[in-house]
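Below is one structure; the comments refer to it alone.
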There are 2 protein chains.
Amino acid sequence: MKSEHIPKATIGRLAVYIQVLENLLRDGNDVISSEKLAQACSVNSSQIRKDLAYFGEFGVRGVGYYVQELITSIKQSLGIDRVWKCALIGVGNMGSALLRHHDFERRGFKICAAFDCDPDKIGLEFEGMEIVCPTHLREQAPELNLEIGIIATPPDRAQRAANHLVDANIRGIINFAPSRINVPKHIPVEYVDFFDHLYAIAFQITLGND
Amino acid sequence: MKSEHIPKATIGRLAVYIQVLENLLRDGNDVISSEKLAQACSVNSSQIRKDLAYFGEFGVRGVGYYVQELITSIKQSLGIDRVWKCALIGVGNMGSALLRHHDFERRGFKICAAFDCDPDKIGLEFEGMEIVCPTHLREQAPELNLEIGIIATPPDRAQRAANHLVDANIRGIINFAPSRINVPKHIPVEYVDFFDHLYAIAFQITLGND
DNA sequence: GCAGTCATGTGAATTTTTTAACAAGACAGA
DNA sequence: TCTGTCTTGTTAAAAAATTCACATGACTGC
Ligand SMILES: NC(=O)c1ccc[n+]([C@@H]2O[C@H](COP(=O)([O-])OP(=O)(O)OC[C@H]3O[C@@H](n4cnc5c(N)ncnc54)[C@H](O)[C@@H]3O)[C@@H](O)[C@H]2O)c1
Ligand SMILES: NC(=O)c1ccc[n+]([C@@H]2O[C@H](COP(=O)([O-])OP(=O)(O)OC[C@H]3O[C@@H](n4cnc5c(N)ncnc54)[C@H](O)[C@@H]3O)[C@@H](O)[C@H]2O)c1
């Protein structure tokens, strides 16, 4: 089918499929049907087939999908069959947890540089990386080939961090701070806020209740 | 209008509205129109009016919305106009960052108990809380009135943690571990995985490129 | 090599969500 | 009090996403 426009929701589900497929593979499953995968992901099986159809034909009729092959195909489709180099801005509580979290590298996102404006932090070594001032972003980004910026500053500093990233010609931004940022529209921004999920849980609990 | 079923996407957007409205309030804005708010949130203004209409009429025609009032109304609608008591399971890298993050309490989600099965961690004091074994969840949950469980264990331990939470009659679960869990269907589960967002960024960058 | 079973890929039908359009209400100024 | 300007709440239209349904291809066992 190989479609033009892909729903955002599809991308989110593909991430879930990968997660479940990797666990299936670890448990020794070589092949899986869309129906079984659907159950594991709590979605409709047509949904899975349609999501995959946006990118190509990865299954075998009458058989299902070869798990390893499907993982590879999905990763290719998403563009995560390579390493993306990332810059972290803000090495506080959250930033440190991210730096220590080695899943990033395993999953194809390597944090290659860490920036913080706190004079007490600049110069410190952290997880084999020296913390430097964000003003160096502009020179380091091309040198290190940094493509994605991860903002983990307080919310009122997020825009400033974003400006540094834009100046440094970064290609995409993840913002962990709970505030919106303005950047040129060719640069995609994703906002990460756990509270979305907490609100959703609170709401669902409250609903079932009234 | 006061509708029956509310789209999940609406809940996500309400979280964004709150975030933006709180920043607006801090900057001294008392009133805002759906059009202005829409721009700040990068959505359509009809969308905002429709989202709000699910819950009631909060605006004044010809004027707009009173910011503080609107925040209050949205919080009431979501059921976050009170404190939700949470249990954290897994006090590692991630769990510690969550415990240290005081926004939780400020935003109405108080982590009142921390559980970990590591004998080296049990008994330690952390942020004024003693880390205890998850087997105590069952007795502590009713005592402390714990309603929401936050899982921050490694992925292969998430199901076990979920079982403890279910046993303890917890009412909703947030899972930070990258694995799906099975729980009785009256208990809502939300999965938090940053990689969704990283994938989305990688995909968008790749798209613009080919 | 044929029959039976299974599961994909896809067009059509359905449902859901988003956007547009506008009538009705609120306020300010004269 | 009346007029003109705004902006909401809501209905109708459009667009998008999800689900259904089934023809098509693949593999198994006889
Ligand atoms: N810690 C969590 O669990 C958690 C959870 C959700 C969201 N967040 C969000 O993540 C962000 C960071 O949280 P945190 O707990 O790490 O805060 P933190 O205060 O511990 O760390 C913030 C860091 O950013 C640095 N910083 C400030 N301004 C900067 C600038 N202009 N350039 C570079 N660095 C700058 C500070 O020096 C500090 O080291 C916050 O916006 C917070 O709301 C954190
Ligand atoms: N650190 C991050 O930035 C980050 C980011 C995204 C996702 N995550 C996910 O969050 C989870 C935790 O990550 P982490 O970095 O904190 O790992 P971690 O290994 O530092 O911590 C895990 C903790 O869970 C405890 N634990 C293990 N089994 C348990 C059980 N059955 N009951 C109670 N406690 C148990 C361990 O003793 C340990 O303290 C992982 O699933 C990880 O993939 C972490």
Side-chain angles (χ1 to χ4, degrees), chain A residues 1-17 20-21 24 29-74 77 196 200 203, chain B residues 1-17 20-21 24 29-74 77 196 200 203:
Chain A
M1 204 198 192
K2 286 274 191 175
S3 176
E4 196 67 10
H5 168 254
I6 285 113
K8 186 112 190 209
T10 290
I11 304 300
R13 281 190 300 266
L14 289 178
V16 175
Y17 303 159
V20 171
L21 287 167
L24 282 169
N29 298 275
D30 291 338
V31 183
I32 191 157
S33 69
S34 60
E35 188 54 47
K36 285 265 173 57
L37 181 58
Q39 276 179 285
C41 301
S42 308
V43 299
N44 185 292
S45 67
S46 297
Q47 183 82 82
I48 290 185
R49 297 199 296 278
K50 174 111 340 162
D51 282 339
L52 297 176
Y54 286 123
F55 297 98
E57 304 191 4
F58 305 130
V60 182
R61 289 170 194 222
V63 178
Y65 301 90
Y66 293 101
V67 179
Q68 176 61 72
E69 215 170 275
L70 184 54
I71 293 173
T72 305
S73 300
I74 296 178
S77 304
D196 289 13
F203 177 63
Chain B
M1 204 200 189
K2 285 273 190 177
S3 177
E4 196 68 8
H5 168 255
I6 285 114
K8 186 113 188 206
T10 291
I11 305 298
R13 281 189 302 264
L14 290 178
V16 175
Y17 303 158
V20 171
L21 288 167
L24 282 169
N29 299 277
D30 290 339
V31 183
I32 190 157
S33 69
S34 60
E35 189 53 48
K36 284 267 172 57
L37 182 57
Q39 275 179 287
C41 301
S42 308
V43 299
N44 185 293
S45 68
S46 296
Q47 183 82 83
I48 291 185
R49 296 198 297 276
K50 169 79 40 128
D51 283 339
L52 296 176
Y54 286 124
F55 298 97
E57 305 190 3
F58 306 130
V60 182
R61 292 172 191 221
V63 178
Y65 301 91
Y66 293 101
V67 179
Q68 177 59 72
E69 217 171 275
L70 184 54
I71 293 174
T72 305
S73 300
I74 296 178
S77 303
D196 289 14
F203 178 63

More 5' along DNA chain D: D51(A) or V60(A), using each one's nearest nucleotide? D51(A)
Counting only side-chain N and O atoms of R13(A), is one of them less than 4.0 Å from OP1 or OP2 of dA17(D)? no
Does any N or O in the side chain of N44(B) come within less than 3.5 Å of the main-chain N or O of S46(B), such that one atom is a donor and the other an acceptor? yes
Given the rule in the side chain to side chain contact (heavy atoms under 4.5 Å, CB included) test, do F55(B) and I74(B) qualify, once you have shown the distances and angles that lead to the verdict? CA-CA 8 Å; F55(B) 298 97; I74(B) 296 178; over 6 Å; no
Ignoring backbone atoms, establish whether S34(A) has a side-chain N or O less than 4.0 Å from OP1 or OP2 of dT8(C). yes
Near DNA chain C, under 4.0 Å by heavy atom, which residues of residues 40-49 of chain A? R49(A)
OP1 or OP2 of dG9(D) sitting under 4.0 Å from any side-chain N/O of Y65(B)? yes
When you get a sec, tell me which of dT8(D), dT10(D), dA7(C) is the closest nucleotide to the side chain of S33(B)? dT8(D)
Can you check side chain to side chain contact (heavy atoms under 4.5 Å, CB included) on I48(A) and Y17(A), steps first, answer last? CA-CA 9 Å; I48(A) 290 185; Y17(A) 303 159; 3.4 Å; yes
Side chain of R61(A): nearest nucleotide among dT7(D), dT18(D), dA26(D)? dA26(D)
Anything under 3.5 Å between a protein N or O and an N or O of nucleotides 28-30 of chain C, put it in a table, one pair a line.
none

Using side chain to side chain contact (heavy atoms under 4.5 Å, CB included), reason through F203(A) and S77(B) one step at a time and then give a plain yes or no. CA-CA 8 Å; F203(A) 177 63; S77(B) 303; over 6 Å; no
